[in-house]
Amino acid sequence: MLTVCKHPLIDVKLNIMRDETTKSKEFRESLDEIAGLMTYEVFKDLKTRELGETIKTPTGAILPKVRLENRIIVAPILRAGLGMVDGVKKMIPTARIGHIGMYRNEETLQPVEYYFKLPVVDNPLVLVVDPMLATGGSAVAAISAVKKRGYNNIRLMCLVGVQEGIKAVQEAHPDVDIYIAAVDEKLNEVGYILPGLGDAGDRIFGTK
């Protein structure tokens, strides 16, 4: 399933990120805020369960204490995915954080895994995050790596993507729901999303 998270606040913040004059600080802040807003949509169908304990309200009422049924793991694809972690974690402070390292082999142009570590928890739901969904190669490989380790409840959250990347993920992993803020027009000749927002990693970390 593909869900495009349309909201005027997301549109305004994404417009800031697309502006080439936006500095790294504002770029990171906008990405952080969009990730937080998207978290509401990504997890709106989750269930809660009672813990067998109670809470007391200021008016004296006694209510069952609850938590999310699933343990949430946020798994950024390094390095740009790191820019989305804090936005999710502000909404779900109990979320655990993993890391998935991928680089592109310049000869085969295929993603190569160089680092992988996810927490081990009961009833996990893994949210793979990456701002850009271009060809879909990294996302497909990252999801495959997660499945290979035995996790099977997985969702993908991206900021901007194109139909080519969306289709690649859907064909390789039809069981994984995709959440995205904007579906852009196309890829250019060197694989950048148009209109896009440039290289997300460089703009997040100020490396260019």
Side-chain angles (χ1 to χ4, degrees), residues 1-10 13 29 31-78 80-102 113 115-131 133 138-159 161 166 169-182:
M1 180 186 73
L2 172 68
T3 299
V4 180
C5 301
K6 292 296 295 179
H7 192 286
L9 293 179
I10 291 177
K13 295 175 191 301
E29 289 172 346
L31 178 57
D32 181 83
E33 291 162 356
I34 292 174
L37 290 167
M38 291 181 70
T39 299
Y40 285 99
E41 184 68 30
V42 173
F43 295 116
K44 71 178 184 181
D45 63 331
L46 293 192
K47 294 179 173 56
T48 59
R49 69 177 182 87
E50 296 182 8
L51 298 177
E53 305 172 35
T54 59
I55 62 168
K56 184 177 181 180
T57 74
T59 57
I62 304 299
L63 299 174
K65 189 173 185 178
V66 301
R67 72 164 175 84
L68 291 177
E69 189 172 74
N70 296 97
R71 296 287 189 179
I72 306 301
I73 298 173
V74 185
I77 301 176
L78 303 178
L82 291 170
M84 303 180 76
V85 171
D86 285 347
V88 179
K89 201 140 175 29
K90 286 174 184 175
M91 298 296 104
I92 310 177
T94 57
R96 305 286 188 90
I97 310 301
H99 297 89
I100 304 172
M102 297 277 175
E113 177 188 323
Y115 185 82
F116 186 99
K117 192 172 185 64
L118 291 190
V120 177
V121 298
D122 64 296
N123 198 20
L125 191 166
V126 179
L127 180 66
V128 177
V129 295
D130 195 5
L133 183 56
S138 293
V140 168
I143 294 168
S144 295
V146 172
K147 287 182 175 179
K148 187 171 74 172
R149 270 73 172 195
Y151 300 86
N152 51 35
N153 190 359
I154 305 165
R155 300 181 183 188
L156 174 66
M157 184 169 81
C158 301
L159 186 66
I166 293 167
V169 175
Q170 289 176 327
E171 289 182 349
H173 301 290
D175 56 321
V176 173
D177 291 336
I178 304 169
Y179 297 83
I180 198 164

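Predicted, not measured: the structure shown is a model, and the values here were computed from it. In this chain, residues are counted from 1 in sequence order. Computed from heavy atoms alone, side chains included, the values below leave out hydrogens, waters and symmetry copies.
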Side-chain contact test, heavy atoms from C-beta onward, threshold under 4.5 Å: evaluate it for H173 versus D175 and give yes or no. yes

Any side-chain heavy-atom pair from E41 and H7 closer than 4.5 angstrom? no

Carefully, step by step, assess M102 and F116 under the rule side-chain contact (heavy atoms from CB on, under 4.5 Å). CA-CA 9 Å; M102 297 277 175; F116 186 99; over 6 Å; no

To the closest 0.5 Å, what do you measure between CG (D177) and CD (Q170)? 10.0 Å

d(L133 CG, I180 CD1) to nearest 0.5 Å is 5.0 Å

Give the minimum heavy-atom separation between A142 and V128, together with the two atoms involved. CB-CG1, 4.4 Å

At their closest point, which heavy atom of I10 faces which heavy atom of C5, and how far apart are they? CD1-O, 3.4 Å

Look up atom CD1 in I154 and atom CG in N152, then write down how far apart they are to the nearest 0.5 Å. 7.0 Å

Non-hydrogen side-chain atoms of Y151 and I143 separated by less than 4.5 Å: no

Does the R155 side chain pair with the main chain of V42, one donor and one acceptor, at a distance under 3.5 Å? yes

For K89 and P93, indicate whether the former's side chain and the latter's backbone hold a donor-acceptor pair under 3.5 Å. yes

Which heavy atom of M91 sits nearest to which heavy atom of G36, and what is that distance? CG-O, 3.6 Å

Verify, without hydrogens or angle tests, whether D130 (side chain) and C158 (backbone) share a donor-acceptor contact under 3.5 angstrom. no

Which is it for E171 and V140 under the side-chain contact (heavy atoms from CB on, under 4.5 Å) test, yes or no, and what are the steps along the way? CA-CA 9 Å; E171 289 182 349; V140 168; over 6 Å; no

Between P131 and M84, is any pair of side-chain heavy atoms under 4.5 Å apart? yes

If the condition is side chain to side chain contact (heavy atoms under 4.5 Å, CB included), which residues does T59 pass it with, not counting sequence neighbours? T57, A61

Taking all non-hydrogen atoms of both residues, which atom of A95 and which atom of V74 are closest, and how far apart? CB-CG2, 4.0 Å

Say whether, by atom type as modelled, one donor and one acceptor occur between the side chain of N123 and the main chain of E69 under 3.5 angstrom. yes

Counting C-beta onward and ignoring hydrogens, is there a side-chain heavy-atom pair between I72 and T94 closer than 4.5 Å? no

Might you work through the side-chain contact (heavy atoms from CB on, under 4.5 Å) test for E50 and K65, ending with a clear yes or no? CA-CA 6 Å; E50 296 182 8; K65 189 173 185 178; over 6 Å; no

What distance do T54 atom OG1 and L63 atom CG have between them, rounded to the nearest 0.5 Å? 8.5 Å

Any idea which heavy atoms bring L118 and G98 closest together, and the distance? CD2-CA, 3.6 Å

Looking at side-chain heavy atoms only, is the closest gap between H99 and I97 below 4.5 Å? yes

Contact check, side chains of K13 and L37, non-hydrogen atoms, under 4.5 Å: yes

How far does CD1 of I92 sit from CG of L46, to the nearest 0.5 angstrom? 7.0 Å

Out of T3, I178, V88, which one pairs with M157 under the side-chain contact (heavy atoms from CB on, under 4.5 Å) rule? V88

Which heavy-atom pair separates K6 from A181 by the least distance, and what is that distance? CD-O, 4.4 Å

Sub-4.5 Å side-chain heavy-atom contact between F43 and L125: yes

How long is the gap from CG on N70 to CG on D122, to the nearest 0.5 Å? 9.5 Å

